[in-house]
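Report on the following structure.
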2 protein chains.
Amino acid sequence: MQTGVKPRIGIIGTGAIGGFYGVMLARAGFDVHFLLRSEFGAVVEKGLRVESAVHGPLQLDPVQAYRSATDMPPCDWLLVGAKTTSNADLAPAIVQAAADGAKVLLLQNGLDVEDDLRPLLPESLHLLGGLCLVCVHRVGPGVIAHQALGSVNIGYHSGSCGDQAGRMTIVEEAVGLFRTAGIDSQAMPDLRQARWQKLVWNVPYNGLSVLLGASTTPLMADSGSRGLIQALMGEVVRGAQACGHYVEPGYADYLFAMTEKMPDYWPSMYHDYSHGRALELEAIYGRPLASARAAGCELPKIEALYQALVFMDRRNR
Amino acid sequence: MQTGVKPRIGIIGTGAIGGFYGVMLARAGFDVHFLLRSEFGAVVEKGLRVESAVHGPLQLDPVQAYRSATDMPPCDWLLVGAKTTSNADLAPAIVQAAADGAKVLLLQNGLDVEDDLRPLLPESLHLLGGLCLVCVHRVGPGVIAHQALGSVNIGYHSGSCGDQAGRMTIVEEAVGLFRTAGIDSQAMPDLRQARWQKLVWNVPYNGLSVLLGASTTPLMADSGSRGLIQALMGEVVRGAQACGHYVEPGYADYLFAMTEKMPDYWPSMYHDYSHGRALELEAIYGRPLASARAAGCELPKIEALYQALVFMDRRNR
């Protein structure tokens, strides 16, 4: 955590994730700048609003909002909450808004989501990944619903920092930003392992919400879907282990029990599907399947789910 | 095949399957009697009509139609085209309409579909199973669309016939009925093997039509669903082999290629789903999975499909 002057933070892609964390950080006194596209006008006019079941209603108004990255001041931290499918397209905006030696944090799910972006960034920029365990969704222009949870686990991906100690210093700095804003955050020594762990939740719930048109409560209430969720979780754990990553015993059971206690929730992939947007199938299914297969491990139920979702995604657009 | 007097045939459950084969047999000169429920009035008034893309429009009028099995004459053959989920409920009607030593032929898909019915029939009745490779569906009261194919493969299940030669004589008699009516038919020495073989088609196409809300043409046009169909077919073949049944090499490829040449088709499970009827999940998924598992063989993609369909079936009713 820096002392003295608080770092300047840029939010690239102010959807539910970027908007929620941006508002939380701004309320904690950070200098936060939001890059917006279609919602720019609404946010300038009415500010950003988070209807939080945890923190109550949060309003940020005025918002330091921008239509173009060329108008943004140089930022020390850039938080990217856009879809993984658009990472490469966002590279010019990220480079434009980055201060020298800036840190770019992808708040995204899935495996290797940094890989499309990394070659498009200068070596001097640090690239990190953040796994958000949070129930948020956009309810209208500049309005975000926060139903539950909020933690962010962070790991270093790549950049000019060669040694593990230096990398962890940067990761701890990111952890400090979130903790200052009242958000639980952990430093993850191995980003790829953290991404695999997060898949234990994302693989079953994101895909089944689309495939079965069902939110978490009905999925957790039926013996068929419960069995399928547990089987999919088990396959993710097997895949992670085959790729050499440690997964705490009982971790899948913990996520399963946590989901039973959550308010009814529609995962982000369902929102993407219902709005006709591209699904993040490669990040959440295709790459993990390919990694596990390269390690000699077949994950047949995940593959079946992936193949069904590929069909649905193509038909949907 | 009997010579002289043609056997009397009763159709129990005059849906698409019972109606189609009943009309074909009646047109061939057999004495066919139809047990009907909700469509009785329409069939008495307007007859039975098959809109066949193969044989042209076929009309049977008047129809020997009955509201109750107690009014039917004793039948030598009883063809059951109802859903497997209602077999036990149909037992009293079957027993009522059966002549001494009658043969009961279940024209149904799935494994062990005879098992619920057998204990409810007297030992003197022969029970047979028939696998129909036919694209038919009901389009209105007394009106059936026949799009393509039509063959029936028949095997002996159980009854007073102890030896294989006697059983095959009865099976050949059934084959002769259909062939006389211009329908391709084969005698199957092993009914369970024949039921497993038919599952190679039913497992992928029936379930995916419900899960993905798609008929055969779009399912065969997308790489995701094609891969899933082929993987599901491969698992059925593995399950059959684990249970000790021979499956001809290339049989799955043959069915896959055949489906590509078929007119666009909605499998029967889709029609059941869209009408809010119970899906035949135990016959087509639950029992094959249990049999394979008992033989030490896991079929994970079929199990995933089954679990998803269990959820959809419960929500649908």
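Values reported hereafter were calculated over all heavy atoms of this structure, with side chains retained and with hydrogens, waters and symmetry mates removed. All of these numbers come straight from a predicted model, not from anything done at the bench. Order of the sequence lines fixes the chain letters, A, B, ..., with proteins taken first and strands second; residue numbering starts at 1 for each chain.
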Which atoms form the tightest heavy-atom contact between Gln307(A) and Gly224(B), and what is the distance?
CB-O, 3.3 Å
Spacing of CG belonging to Leu309(A) relative to CG belonging to Leu228(B), to within rounding of 0.5 Å:
10.0 Å
Taking the side chain as C-beta and beyond, is there a heavy-atom pair between Glu303(B) and Lys301(A) under 4.5 Å?
yes
Are Phe311(A) and Pro218(B) close enough that some pair of their side-chain heavy atoms sits under 4.5 Å apart?
yes
With a sphere of 6.0 Å drawn around OH of Tyr254(A), does it hold more than 12 non-hydrogen atoms of other residues, nucleotides or ligands?
no
Do Glu298(B) and Pro300(A) come within less than 4.5 Å of each other through their side chains, counting heavy atoms only?
no
Is Arg317(A) atom CZ crowded by more than 12 heavy atoms from other residues, nucleotides or ligands, each under 6.0 Å away?
yes
For Ala214(B) against Arg315(A), the heavy-atom pair lying closest together
CB-NH1, 4.0 Å
Can you measure from OG (Ser225(A)) to CZ (Arg314(B)) and round to the nearest 0.5 angstrom?
8.0 Å
So which part of Leu208(A) gets closer than 4.5 Å to some heavy atom of chain B, the side chain, the backbone, both or neither?
neither
Given that the side chain runs from C-beta out, which part of Ile302(B) has a heavy atom under 4.5 Å from chain A: side chain, backbone, both or neither?
neither
